[in-house]
Amino acid sequence: MDTHDWNEAARAVSGAYFPHELKLLSPADRLDLSMRTADLGSVTIGRIGWGAEVAIDCDYPDAYEVNMPMAGFLESAHEGEKVVSGEGEGTVFQPNIATPITRWSQDCTVVGVKFDRFSLEREMERVLASPVHRKVDVPSHIDPRTAATRSWMHFVRMLSNDLPHMRDLLSSDLMKKQIASTIATGFILAVTPDLETTPPARPRIVNRVLDQMHDDPARPWTVADMAEVAEVSVRRLQEGFQQYVGTTPVVCLRNIRLAHAHEDLTKANDSTTVAEVAARWGFTHTGRFAAAYRSKYGMSPSESLRS
């Protein structure tokens, strides 16, 4: 959405993110809102630029907000503490706390990620394998000091950039859930790097996940789902799979699905299509399915179908 109209801009931003009060800081500026967003259910992601220097009052009802400037800077007041984020950094706003953005520079466009409070706290319980009885304890300011933080920030920047080209993909509830989970899990791992205290995963934990993968391979699994089955954190689950299986849980799941797809293709009748088999076993992108299938079996899915 692009608009110069104050009322239209207020309605659009309030609908996608939060109700707010907007103040123009420079009389010489003219509002020039540019906004692209995607509602993924528990997560909203997008890019917003006001095209003017503004201040914003908002109390973030029941949601966490992360704003990462692509250019310019963002200045805000967090319970008396001044936080400034520039390009490559980010500001985290806690739910239900009035946290004014005192200066949003004219040249500042942010990647904004909104997390439903209760969904994020539930995801933290699953990812870190520990109960969360209060708000997630995250810093007000994030910068790319760790590889996990750099990777997450790069991922959401690239995703927000591609939103105009992802309308068909994001029409699928399955894909929205998967992408939302990936964004939330990555954020939690990026801002809570030292909270792991549980013991390493053991073979029985890995086997528990493998058993459920085999029982229901077409389920829209996320890594957090797998960790919940194992009753360990995502990190411990990944370590366990590397130690006892030699690969990641995601690769194991893909191989299980490929095996089922291979069996179906080789036994299929003339009316069966590759796309039908791929979808049956949880592959939402036929091109990636074909590439993975060829890598594993040395032929394309269509060749197996005709054999």
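FYI, side chains are in, hydrogens and waters are out, and symmetry mates aren't considered; it's all heavy atoms of this structure. Position 1 is the first residue of the sequence; numbering continues from there.
Panel note: side chain W221, backbone D216; a donor-acceptor pair is recorded below 3.5 Å. R257 places a side-chain N or O within 3.5 Å of a backbone atom of P217 that can act as its donor or acceptor partner. Under the 3.5 Å distance criterion, the side-chain polar atoms of E89 are matched with a main-chain donor or acceptor of G86. Using modelled atom types, no side-chain atom of T109 and backbone atom of M70 make a donor-acceptor pair closer than 3.5 Å. Using modelled atom types, no side-chain atom of T272 and backbone atom of A268 make a donor-acceptor pair closer than 3.5 Å. Between the side chain of S85 and the main chain of G90, a donor-acceptor pair closer than 3.5 Å is present. Proximity of a side-chain donor or acceptor of R235 to a complementary backbone N or O of L189 within less than 3.5 Å is detected. Side-chain atoms of E81 do not come within 3.5 Å of backbone N or O of H78 as any donor-acceptor pair. In this structure a side-chain-to-backbone donor-acceptor pair under 3.5 Å is present from S14 to A10. A distance-only check finds a donor-acceptor pair linking the side chain of H4 to the backbone of L31 [under 3.5 Å].
Closest of all the heavy-atom pairs between P249 and M226 is CB-SD, 3.4 Å. Contact detail for N67 and F93: the closest heavy-atom pair is ND2-CE1, 3.7 Å.
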| Going through the distances and angles, do V250 and R254 end up as a side-chain contact (heavy atoms from CB on, under 4.5 Å)? | CA-CA 6 Å; V250 171; R254 185 181 64 199; 5.6 Å; no
| After noting the C-alpha distance and the side-chain angles of T102 and E75, does the key distance pass the side-chain hydrogen bond (donor to acceptor under 3.5 Å, both in side chains) rule? | CA-CA 6 Å; T102 52; E75 178 185 292; 2.9 Å; yes
| Please walk me through it: do M175 and T284 pass side-chain contact (heavy atoms from CB on, under 4.5 Å)? | CA-CA 8 Å; M175 290 305 300; T284 57; 3.4 Å; yes
| task | For the pair V274 and T286, evaluate side-chain contact (heavy atoms from CB on, under 4.5 Å) and give the outcome as yes or no after the intermediate values. | result | CA-CA 8 Å; V274 170; T286 54; 5.7 Å; no
| message | Is there a side-chain hydrogen bond (donor to acceptor under 3.5 Å, both in side chains) between S171 and D168? Walk through the geometry before answering. | response | CA-CA 5 Å; S171 66; D168 291 340; 5.4 Å; no
| task | Report the C-alpha distance between S34 and R47 in whole Å, list the side-chain angles of each, state the deciding distance to 0.1 Å, and finish with yes or no for side-chain contact (heavy atoms from CB on, under 4.5 Å). | result | CA-CA 8 Å; S34 176; R47 291 194 179 200; over 6 Å; no
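Ring geometry, W281 versus H260: the interplanar angle falls under 30°, so the pair is classed parallel (tilted spans 30 to 60°). In this structure, H262 and Y297 have parallel ring planes: the angle between them is below the 30° cut-off, well short of the 60° mark.
Checking T3 against E8 by side-chain atom types alone, a donor-acceptor pair falls below 3.5 Å. A donor atom on one side chain and an acceptor atom on the other are found under 3.5 Å apart for N96 and D62. Using modelled atom types, one finds a donor on one side chain and an acceptor on the other under 3.5 Å when comparing E123 with T185. Of the N and O atoms on the side chains of S304 and Y293, at least one donor lies less than 3.5 Å from an acceptor on the other residue.
The side-chain tip of K114 does not point at the ring of Y64 from less than 6.0 angstrom away and within 45° of straight on.
Residues L170 and I179 form a side-chain contact, since some pair of their non-hydrogen atoms from C-beta on lies under 4.5 Å apart. Proximity of R103 to V54: side-chain heavy atoms (C-beta onward) are nowhere separated by under 4.5 Å. Considering only heavy atoms from C-beta on, V111 comes within 4.5 Å of R157 through its side chain. Within the 4.5 Å cutoff, no side-chain heavy atoms of I45 are placed close to those of T37. T273 has its side chain out of reach of V277: every pair of non-hydrogen atoms, C-beta onward, lies at least 4.5 Å apart. Contact annotation: the side chain of V191 approaches that of I142 to within less than 4.5 Å [non-hydrogen atoms, C-beta and beyond]. A 4.5 Å side-chain heavy-atom check between K296 and N255 finds at least one atom pair inside the cut-off.
Annotation: H154, atom NE2; neighbour count of heavy atoms from other residues, nucleotides and ligands within 6.0 Å does not exceed 12. Counted within 6.0 Å of CZ on R288, heavy atoms from surrounding residues, nucleotides or ligands total 12 or fewer; the atom is thus considered open.
Residues V66 and L40 are members of one and the same hydrophobic cluster, defined by side-chain heavy-atom contacts under 4.5 angstrom among Ile, Leu, Val, Met, Phe, Trp and Tyr.
Using a cut-off of 4.0 Å between Lys/Arg side-chain N and Asp/Glu carboxylate O, R208 and D211 are scored as not salt-bridged.
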